[in-house]
Amino acid sequence: MKRSYSLFVLLGGLLLIAFLVLSASLLSFDYRNAKQTVEREINHTSRHQQALLQSVFDMHLSTLSLQLSQLVRQSTQQSNSSLLDYYQQFEKNTYQGNTDTFDMMLLASGNGRKCMDLSVLKLSSEQVCQQLVRQFDDELYRWHLFVLDKDSSAAQVGLITREPLINPNSGYILGYLYGVMLLSNNVDLINLFLSTNEQHSLAAGIALDKQLLVATAKHDSEKYTALSRLLEQGSESDYASNQYFGRSSSIPLGHEGKGRLQLVSITSAHALLQLEQDVIYNSLIALTVSVLLAAVVGLLALRITLSPLNILLNFARQGGSSAAAPLVPGRVKEFNQLSQNIAEIVTELAQTNTRLQSTIDHNKALLHQVINLQEEERKQLSQELHDDLGQSLTVVSTDAHVIRSLVPEDSPAHVCAESIYQNAQEMYDIVYNRIINLRPLPLNDLGLADAIRYMPALQSLPQQGIKIELNLDSWEGPMSDAIEINLYRIVQEAITNILKHSKAKQAWVNLAQHSESIQLEVGDDGIGFDVLNPGAWERFGLTGMQERAQSIGGSLDIGQDETGTRLLINIPVSDGDIVYEACSGV
Amino acid sequence: MIRFLFRSPLLRILLFLLLGFTSATDATPRKDYWLFQEYLAQNPNQIALSKQFQNQVQQPSAALKFRQQKPVRIVVIYPGNQVSDYWRRSLDVLEKRLRELQINFELTPFFSRPSLQADLQEVQFRKALKMAPDYLVVTLDSNRHRRMIERALAKGATKLIVQNMTTPIKAWSTNPPLLYVGFDHHQGTALLSDAIFARHNPDRTDFSVLFREQGYVSDARGKGFINHLNAKNSPPLSQFYTHSDRKSARIAALDALDRNPEVDFFYACSTDVAFGALDALREKGRLQNVKVNGWGGGGAELASIRAGEMDLTVMRINDDNGIAMAEAIKNDLEGAPVPQVFSGRFVIVTQDTPALKVDELRRQAFQYSGVGEEAQ
């Protein structure tokens with residue numbers, strides 16, 4: 001059987017589940033939106049950061065270009081007709097510290113064959129100088145990328161630019177002043193990049209061929225690792241981890257479509273993580289509070305809404321009797337209307353039930369009367385058969401016996417008398433059986449127990465191979481005819497069923513007298529029958545047996561198990577007397 | 001916090017200043033502009049527009065579709081006092097085409113010499129801006145020009161047509177001029193280089209390069225040519241910057257001849273520079289064995305080629321620029337789209353080009369400014 005729940009629990013539970021699902025969906029939606037917004041913001045920040053870093057880098061290059069051209073302009077005099085004149089001017093500037101912004105400053109002839117280092121320490125040889133100048137391979141570019149000692153571990157990567165040194169008189173380009181900026185571990189660039197980010201919440205760097213040349217992060221730091229991973233993803237890419245968002249873009253020099261140099265930067269994803277934690281924490285609080293509130297409000301609402309239903313339920317349970325609590329209108333209009341309708345129906349049903357019960361009781365009384373009348377009629381008929389037809393047949397039989405004994409055996413009269421005698425005997429047997437069936441004679445003389453014991457049907461059981469066991473208590477005290485005859489009839493019907501249908505090997509009849517009841521049990525170890533099938537009840541006369549039991553104030557139950565089938569008839573007794581007797585007058 | 005930093009006005013100002021500083025200090029913004037072909041690749045929608053406009057320029061004029069309430073005020077600031085008649089012709093074509101288009105206009109021209117008259121140009125610019133014209137036609141030839149143009153762009157009331165430039169400046173992309181119009185220097189240089197190398201084997205020819213003043217045009221024409229030479233492993237013997245005029249070019253050429261008497265060819269970056277080189281050769285009596293190119297194919301250059309002095313030139317279909325400017329103004333008045341860049345076509349004219357063909361090319365190039373008038 002399915003487990004059932006009250007409407008209150010069902011509705012309350014459903015309401016809570018629905019609210020939980022809705023709240024969780026809304027919170028999840030909010031969280032996703034917030035996360036997307038933060039990611040977008042970080043993305044924008046990252047782009048702005050890149051633009052800023054690019055601008056700072058461009059500005060740095062422009063400043064260096066400007067310084068180089070200013071240096072050339074300051075050194076240009078009308079008397080500068082040779083490269084040597086410029087050389088002398090630049091040496092002065094070098095010693096005055098005017099060229100310190102460059103990592104190297106080179107003076108080279110127009111064809112690059114003569115090349116010299118202007119720095120005080122003369123860091124580069126003429127060979128290195130020429131190597132650098134040769135890498136200035138496109139006239140249209142301002143800054144050129146160079147790699148020195150490419151295959152060694154101490155490879156140096158940098159940018160080089162130049163300004164022409166012009167003979168002021170003729171415009172002849174005597175040579176070029178080259179300014180060199182090393183990118184590898186360039187402290188100026190690190191400081192410039194750091195200056196764009198006071199909180200140092202990000203890191204930036206410049207790379208060539210996936211190798212970081214300069215970075216604001218320390219080598220063994222997480223930021224440095226993040227920058228390296230960003231580079232591994234290739235150029236013009238984004239990078240996202242739990243901690244950082246990164247971006248890389250190329251730095252095109254001159255007309256380069258896509259530069260080899262990469263500007264990489266990472267931004268802390270702290271804001272996103274913080275948001276995630278905040279959203280989860282606040283969501284849990286919000287969810288808990290709202291669920292509690294919803295539960296309280298929902299339960300109250302349900303209580304208010306469903307209270308008329310409970311009243312209605314009680315009313316219905318009490319069958320709309322006058323003792324039931326009166327129906328008080330609730331706050332829900334539909335329930336009030338429904339209550340009213342149901343109350344009317346319940347009241348009508350109760351009245352109908354009362355009428356029906358009265359009719360049933362009346363019918364029962366009628367049934368008892370019919371049965372009693374039937375038995376009375378049978379009794380009377382059997383008595384008449386016994387007194388009239390029985391006596392007459394006895395007379396006929398006696399007369400035939402007298403004639404038979406008076407006439408010779410070979411005379412026709414003897415034969416006729418013999419025939420009459422035999423027929424009269426047969427007729428008497430038939431009539432006797434009819435009398436017994438109509439009104440068991442032993443009942444009148446011997447009582448119920450012996451009447452059952454000498455029941456003709458019972459005598460047939462051994463002939464059918466059914467062993468019969470009788471445990472019949474003798475009745476002490478008066479027992480009404482109605483009880484006797486009805487119990488007798490029930491046993492008679494039951495034994496007939498055993499004979500006809502049971503295929504049993506053993507049958508028993510127990511009649512016991514207790515202080516409060518008489519109990520009759522008729523059983524067998526046969527095949528039994530479908531107790532729940534109403535057709536079987538009709539077919540085996542069980543309905544009639546039940547009516548008989550009820551007619552004498554008792555009950556009939558059928559028990560069935562692996563040992564067999566039992567009919568149990570219980571007749572209540574009050575103060576040693578039969579209850580039926582007390583009720584019979586009703 | 002990061003969000004706050006990038007939203008803070010202080011940082012925005014810093015960013016703006018940095019960007020502004022970058023563009024202002026970059027004397028020749030070699031990194032700061034797109035080549036014409038690069039620009040088209042970046043802006044594919046401009047390709048069709050450019051072709052459509054090219055057709056419009058080559059078609060007979062169609063009158064303005066509406067009646068103007070007041071005349072359009074146009075100011076032109078030209079470095080027109082040069083031997084090259086490009087600027088004067090351009091102005092002439094602009095006026096004629098505007099009339100054909102039935103546009104009511106008031107045109108105020110200012111002429112100066114490049115480089116030497118920078119102060120005068122600045123004064124002229126100020127005057128022009130004070131007049132608050134509807135359209136201002138200028139050229140970008142130096143840093144000063146650039147700063148002045150940026151001031152005009154920032155002011156916003158006047159629409160600019162930047163002439164003799166086909167490489168859009170990246171920094172101006174948010175507030176660009178109405179039109180960049182000219183002849184693409186890189187395209188012309190490539191054409192001229194090929195023609196020179198076809199006539200003079202670079203392996204056996206010693207070149208000297210005569211730039212204009214330091215700046216964009218010198219870079220595009222002069223350094224572009226040097227790049228072509230370097231590609232042939234024939235670096236120039238010498239390089240000279242001039243003041244973009246005939247006199248300084250003559251001095252430079254004389255010095256080049258003194259330093260490297262073996263020089264075979266003077267690559268000149270402009271008409272004035274070319275004529276300065278011819279002056280020097282004439283003076284040294286070496287006109288026959290040292291060759292000089294022209295740049296632009298104006299009347300003077302064609303006459304010099306006809307006279308057997310100048311070796312060759314890259315000739316612009318000159319009047320297209322003036323027509324394009326007039327058509328751009330008309331489109332703008334009518335609310336029709338104007339391409340960002342218009343570049344005219346080039347043809348090579350050498351001493352070997354038949355006179356009839358040169359005449360035909362001249363007629364085509366000077367359809368408005370007149371064939372007979374260009375010979376000076």
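Not measured: the values here are computed from a predicted model.
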Check each atom of B:R259 against the heavy atoms of chain A and say whether the ones under 4.5 Å are side chain, backbone, both or neither.
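Side chain only.
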Segment of B:A249 engaging chain A (4.5 angstrom heavy-atom cut-off):
neither
Verify the distance criterion only: is there a donor paired with an acceptor across the side chains of A:Q50 and A:S265 at less than 3.5 Å?
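The criterion, which ignores hydrogens and geometry beyond distance, is satisfied for A:S265 and A:Q50.
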If you tally heavy-atom pairs under 4.5 Å against chain A, which of B:A231, B:S248, B:A256, B:A252 wins?
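Between B:A231, B:S248, B:A256, B:A252, the count favours B:A252.
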Give, for atom CD1 of B:I196 and atom CG of B:L229, the distance between the pair rounded to the nearest 0.5 Å.
8.5 Å
Can you measure from NE2 (A:H60) to CG (A:L159) and round to the nearest 0.5 angstrom?
9.5 Å
Does some side-chain heavy atom of A:V157 sit less than 4.5 Å from a side-chain heavy atom of A:I206?
no
